[in-house]
Amino acid sequence: MIAMSHSVTLKGSVKFSLKKVLAGGEMGKSTYTGPGELLLAPSALGDITIIKLGGQEQWSVGKDAFLACTQGIVTEYKSQGLGKAMFSGEGLFVYKISGQGILWVSSFGAIIRKDLQPNEKYSIDNGHLVAWNCKYVLERVASGGIISNFAASEGLVCKFTGPGTVFMQTRNPQAFSMWLTANAAAQGI
């Protein structure tokens, strides 16, 4: 939260969950109620976008991308399977969002929206996912062996198949963290 009107009330709660502890998910929840203005911002340098849910669809949202939602939205923290957990860049658990209302997601960098037609395929480098409502598989794209993939800093992408929508971020948090670490080491910090 950046700021809020005096007519808005804030109530905090904590929900302990072993899977959130293991996955690094948020356990605290803030509920804002009342008429007035509420200003929110992402925790990192990036964008915010809204997703309107009509009650029929389900979205997957990366653990770092969930920002806020209105009443009527159901948020569950679900496992996405071991293979996707290890290589999708999103970890073992992601938010599964359903219901009716508005969802706000945030990114590291700018947010790009890609609408996929039925059976249209689109590949996204892992670590750039924000939210999606279509199915995907992990696919190896670099040719050569493990050394070739490591040298190219590539190898696995998330291959989505429409119909559906994918929101992606222009920056990769893991790559940025590695860059910061390397620069700090080079400067003797």
Side-chain angles (χ1 to χ4, degrees), residues 15 17-30 40-44 46-141 154-177:
K15 183 177 179 183
S17 166
L18 184 57
K19 61 183 161 184
K20 285 189 179 183
V21 170
L22 295 173
E26 293 288 327
M27 288 188 283
K29 180 180 178 182
S30 299
L40 300 174
S43 58
D47 278 347
I48 297 174
T49 194
I50 64 167
I51 301 172
K52 294 180 181 178
L53 282 82
Q56 305 302 318
E57 66 275 14
Q58 182 179 55
W59 284 82
S60 296
V61 175
K63 67 180 173 76
D64 296 327
F66 177 84
L67 183 61
C69 63
T70 60
Q71 288 183 340
I73 297 290
V74 178
T75 60
E76 298 178 273
Y77 212 49
K78 297 268 187 165
S79 169
Q80 64 168 348
L82 190 57
K84 288 181 179 178
M86 291 176 60
F87 301 111
S88 70
E90 294 304 318
L92 183 58
F93 296 97
V94 295
Y95 284 101
K96 296 293 185 178
I97 310 291
S98 60
Q100 190 168 4
I102 299 173
L103 166 69
W104 285 267
V105 293
S106 64
S107 66
F108 184 48
I111 293 179
I112 300 169
R113 178 186 176 134
K114 179 67 178 173
D115 294 310
L116 301 175
Q117 299 303 312
N119 298 315
E120 179 181 3
K121 297 193 183 317
Y122 197 74
S123 297
I124 300 172
D125 186 49
N126 57 350
H128 289 271
L129 297 177
V130 173
W132 58 96
N133 67 354
C134 47
K135 295 189 185 303
Y136 77 94
V137 296
L138 289 165
E139 186 173 277
R140 185 170 173 243
V141 292
E154 298 291 334
L156 290 174
V157 296
C158 302
K159 188 177 207 175
F160 288 86
T161 302
T165 300
V166 181
F167 289 93
M168 60 198 113
Q169 58 193 8
T170 57
R171 302 283 183 238
N172 182 325
Q174 292 85 11
F176 183 69
S177 176

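Heavy-atom basis, side chains included; hydrogens, waters and symmetry copies ignored.
Partners of Arg171 by salt bridge (charged side-chain N to carboxylate O under 4.0 Å, His left out), not counting sequence neighbours: none found. Every residue two or more places apart in sequence or in another chain was checked for a salt bridge (charged side-chain N to carboxylate O under 4.0 Å, His left out) with Glu57, and none qualifies. In this structure, the salt bridge (charged side-chain N to carboxylate O under 4.0 Å, His left out) partners of Lys159, at least two apart in sequence or on a different chain, are Glu139.
The structure places CG of Asn133 at 8.5 Å from CZ of Phe167, a figure rounded to the nearest 0.5 Å. The distance from the CE atom of Met168 to the CG atom of Asp125 is 11.0 Å, given to the nearest 0.5 Å. In this structure, CD1 on Ile51 lies 11.5 Å from CH2 on Trp104, to the nearest 0.5 angstrom. Between the NZ atom in Lys29 and the OG1 atom in Thr75 there is a gap of 5.5 Å [rounded to 0.5 Å]. Atoms CG and CG, on Asp47 and Leu67 in that order, are 12.0 Å from each other to the nearest 0.5 Å. To the nearest 0.5 Å, the span separating CG on Leu53 from CD1 on Ile97 amounts to 8.0 Å.
Under the 4.5 Å side-chain criterion, counting only non-hydrogen atoms from C-beta, Tyr77 is in contact with Tyr95. In this structure, the side chains of Cys158 and Leu129 come closer than 4.5 Å at one or more pairs of heavy atoms. Taking the side chain as every heavy atom from C-beta outward, Cys134 and Val166 approach each other to under 4.5 Å. Using a 4.5 Å cut-off on side-chain heavy atoms (C-beta onward), Val157 and Leu138 make no contact.
Scanning both residues, Ser107 and Pro42, for their nearest heavy atoms gives O-CB, 4.5 Å. When every heavy atom of Ala131 is checked against every heavy atom of Val61, the shortest pair comes out as CB-CG2, 4.0 Å. Of all the heavy atoms in Leu40 and Ala68, the pair that sits closest is CD1-CB, 3.7 Å. Here the closest non-hydrogen pair linking Lys52 and Ile102 is CG-CG1, 4.4 Å. Nearest heavy-atom pair across Ser60 and Lys96 is OG-NZ, 2.8 Å. Taking both residues in full, the closest heavy atoms of Phe108 and Ala44 are given as CD1-CB, 3.7 Å, listed atom of the first, atom of the second, then distance.
Formation of a donor-acceptor pair under 3.5 Å by the His128 side chain with backbone atoms of Gln169 is found in this model.
Residue Thr49 is tested with Val105, Leu103, Ile112 for a side-chain contact (heavy atoms from CB on, under 4.5 Å); the sole match is Val105.
Using a 3.5 Å distance cut-off with no hydrogens or angles, the side chains of Lys121 and Thr161 do pair a donor with an acceptor. In the model, Thr165 has no side-chain atom that pairs as donor or acceptor with a side-chain atom of Lys114 under 3.5 Å.
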Report the C-alpha distance between Phe160 and Tyr122 in whole Å, list the side-chain angles of each, state the deciding distance to 0.1 Å, and finish with yes or no for ring-ring contact (aromatic ring centres under 6.0 Å, His included). CA-CA 5 Å; Phe160 288 86; Tyr122 197 74; 8.4 Å; no

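Between Trp59 and Phe66, the ring center distance fails the sub-6.0 Å criterion.
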